[in-house]
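Presented below is the structure to which this report refers.
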Number of protein chains: 2
Amino acid sequence: MSPSDRKLTYSESGVDIAAGEKAVELIKAHVRSTFRPEVVGDVGGFGGLFAVDWKRFDDPLLVSSTDGVGTKSLVARLANRRNTIGIDCVAMSVDDIAAQGGEPLFFLDYISIGKLVPEEIDEMVSGVAEGCRRARCALLGGEMSEHPGVMDPGEFDLVGFAVGVVERSEVLPRDVRTGDRIIGFASPGLRCNGYSLARAALLERAGMDLHGPAWPGAHTSLADVLLEPSVIYAPSMLELAGKVPVHGFAHVTGGGIPGNLARVLPDRCDGVVWRGTWDEPRIFAEIQRAGDVPDLEMQHVFNLGVGMLAVVEADATERALDVVRAEGHDAWIVGEIVDGHGRVHVETR
Amino acid sequence: MSPSDRKLTYSESGVDIAAGEKAVELIKAHVRSTFRPEVVGDVGGFGGLFAVDWKRFDDPLLVSSTDGVGTKSLVARLANRRNTIGIDCVAMSVDDIAAQGGEPLFFLDYISIGKLVPEEIDEMVSGVAEGCRRARCALLGGEMSEHPGVMDPGEFDLVGFAVGVVERSEVLPRDVRTGDRIIGFASPGLRCNGYSLARAALLERAGMDLHGPAWPGAHTSLADVLLEPSVIYAPSMLELAGKVPVHGFAHVTGGGIPGNLARVLPDRCDGVVWRGTWDEPRIFAEIQRAGDVPDLEMQHVFNLGVGMLAVVEADATERALDVVRAEGHDAWIVGEIVDGHGRVHVETR
């Protein structure tokens with residue numbers, strides 16, 4: 001019998017329902033490890049149920065965000081290491097929630113993949129669950145979808161979606177004003193932004209090997225550095241906002257420091273950020289050198305070592321630094337708010 | 001200067017920030033067209049804000065779901081028609097919300113694409129917005145992400161997330177019992193399931209042309225039939241549940257009628273579904289013939305013309321049919337609940 005005479009099944013067309021079911025079994029323990037008391041029911045069902053404790057709030061708003069890991073997924077695939085990319089996925093969405101002053105409540109993930117290998121899904125979701133535990137939000141649901149013929153077998157995309165709650169009177173940004181100081185939270189790596197440029201510079205242009213040293217003499221591999229999981233700032237941001245007058249947070253994603261700081265500026269203020277006031281992880285210089293990337297381009301694509309900006313009242317600056325450092329993050333005063341027109345100036349000190 | 005001497009920019013690495021910004025401008029009107037009074041603020045910000053009217057509920061639960069359009073995106077791309085795939089994306093998530101008895105409140109979309117063409121994004125989001133208007137939920141946020149080197153230029157994936165609210169006492173399924181009748185809501189097409197098998201059978205095995213007739217003598221093209229947008233049942237489901245005793249809904253997605261009906265069955269009941277009691281759109285027979293697909297496989301992969309099942313009290317069956325039909329859907333009695341062990345039997349009449 002020739003192949004074209006065979007009866008066609010879903011499995012032969014590239015979708016393996018049994019593999020999907022096995023993956024669901026594997027991930028159940030990860031999912032349950034994230035549950036908060038508000039989760040109603042268990043894994044399964046057509047959607048996740050969550051009982052917000054409304055009595056904790058006077059006038060609660062839901063706040064919601066979605067984002068993916070971009071082409072960091074390709075680096076994870078090339079390095080055959082999928083256990084931390086889920087942390088990145090959670091970080092992107094929950095830190096957007098916290099940037100509005102919101103407490104992340106729950107998270108859902110969506111994985112599309114060329115060929116569904118249950119063990120690979122298990123590895124990815126273990127990272128998602130770790131991210132949810134770090135963000136203190138429940139992994140309330142998710143979906144995995146096999147895309148044969150559209151994605152290569154090992155190719156995958158990981159997308160996240162988070163919902164949080166915030167008191168209406170505490171929504172950020174509010175009241176950003178001249179004289180405020182800008183505090184930067186350290187990011188040891190790229191988070192999820194700029195990977196297309198980083199790959200073009202390091203892997204294509206410079207021909208570097210992911211398994212080789214990250215730079216001459218480095219003790220860590222390029223894969224280690226590029227797959228450094230995104231720090232999840234949300235709990236520390238909420239801690240900070242609870243203790244000192246925070247006027248705004250800017251999550252440094254696509255657009256870099258200038259693109260994101262601009263989002264919290266009122267029309268009558270500019271933001272000034274001083275490069276040189278924080279430690280820029282070496283990987284950024286390596287990318288810049290490998291690709292001969294213009295400085296301005298670097299600033300608009302990468303976080304350059306600062307993954308979150310907090311705009312705080314000037315006289316609370318030192319206290320704010322103490323809080324953020326006590327939460328385990330390196331932090332620096334990286335700039336200030338001045339009179340202006342909603343623009344950001346990056347100056348080099 | 002050789003190409004490898006050139007300064008590398010994000011744009012040259014395949015990510016066009018200006019295209020992204022243009023796309024955001026284009027979609028704003030679509031997004032705003034979906035806003036409900038509960039939406040706080042406007043397009044932009046790090047996350048969408050939504051003020052649920054909690055006073056409408058005694059003990060509200062949030063219900064959340066995520067899903068994508070699967071490889072239906074490839075058909076849309078091959079047919080160069082992207083204006084309805086967003087409706088499919090909304091349908092998948094909001095009908096999962098309604099299947100739990102929930103009222104969809106808001107939706108977020110995530111688009112990953114090989115090369116970001118603002119006009120293509122505009123087309124896709126116009127469909128998402130149309131879906132949101134049909135589902136009566138707000139398009140509260142979204143993200144678009146360019147994946148050069150990972151996805152081909154025209155390749156895209158479209159993922160959705162929906163959040164709804166349901167009174168705790170009205171969560172479905174509840175009280176599915178022997179004697180209940182099963183009502184099927186008509187689906188004119190495949191919704192978002194089985195496209196890998198459909199493509200393998202029709203395009204690869206039978207060598208059909210998307211732009212040719214869907215079958216010999218058909219007045220519609222194969223693209224028309226395969227891109228038939230998913231019906232959004234949510235508003236009609238809520239209408240039905242408000243008027244007659246509904247014990248459960250099964251959204252017929254991956255796993256087909258048996259796989260999804262099983263999800264609402266208690267251990268002591270079986271579900272019996274009678275094929276032949278509804279009109280199966282011809283496309284399913286064409287797929288089966290082109291791929292010589294076994295009958296059992298067809299049942300587990302495709303909706304076969306029934307996109308939603310409602311389990312209703314026997315003496316409310318006729319009233320239920322009237323309500324669903326008055327909402328504009330074809331509907332039939334397609335089965336019943338009997339004593340059993342949580343299994344589904346598909347019988348042919």
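Just so it is clear, the model here is predicted, and its values are computed rather than measured. Chain A is the first sequence line, chain B the second, and so forth, proteins listed ahead of strands; every chain is numbered from 1.
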Provide the full list of salt bridge (charged side-chain N to carboxylate O under 4.0 Å, His left out) pairs with a residue in residues 155-167 of chain B, sequence neighbours left out, each pair given once.
none
[atom1]/[X] to [atom2]/[Y] distance, rounded to the nearest 0.5 angstrom?
X: B:E297; Y: A:K7; atom1: CD; atom2: NZ; answer: 11.0 Å
X: B:L62; Y: A:L140; atom1: CG; atom2: CG; answer: 9.0 Å
X: B:D292; Y: A:T9; atom1: CG; atom2: OG1; answer: 11.0 Å

Could you have a look at [options] and say which one has the most heavy-atom pairs with chain B under 4.5 angstrom?
options: A:P148, A:G141, A:G255; answer: A:P148
options: A:S145, A:S196, A:A200; answer: A:S196
options: A:V166, A:I17, A:V293, A:V159; answer: A:V159
options: A:D67, A:V15, A:V52; answer: A:D67

Do you know which of B:S11, B:G254, B:G194, B:G14 has the most heavy-atom pairs with chain A at a distance under 4.5 angstrom?
B:G194
Most contacts with chain A, counted as non-hydrogen pairs under 4.5 angstrom, among B:G259, B:P294, B:A162
B:P294
Please find the pair of heavy atoms, one from [X] and one from [Y], that lie closest to each other, and give the distance.
X: B:G48; Y: A:Q100; answer: N-NE2, 3.9 Å
X: A:H147; Y: B:G70; answer: NE2-CA, 3.4 Å
X: B:E146; Y: A:T71; answer: O-CG2, 4.5 Å
X: A:G68; Y: B:Y110; answer: N-CE1, 3.5 Å

Relative to chain B, which segment of [X] carries a heavy atom at a distance below 4.5 Å: side chain, backbone, both, or neither?
X: A:D59; result: neither
X: A:T66; result: both
X: A:L108; result: both
X: A:R199; result: side chain
X: A:V163; result: side chain

Go through the atoms of [X] and report whether side chain, backbone, both or neither lie under 4.5 Å from a heavy atom of chain A.
X: B:V40; result: side chain
X: B:D152; result: neither
X: B:S93; result: neither

Are B:I287 and A:L8 packed together at the side-chain level, in the sense that at least one heavy-atom pair is separated by less than 4.5 angstrom?
no
Would you mind reporting whether A:S64 and B:F161 have side-chain heavy atoms less than 4.5 Å apart?
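No; the side chains remain at least 4.5 Å from each other.
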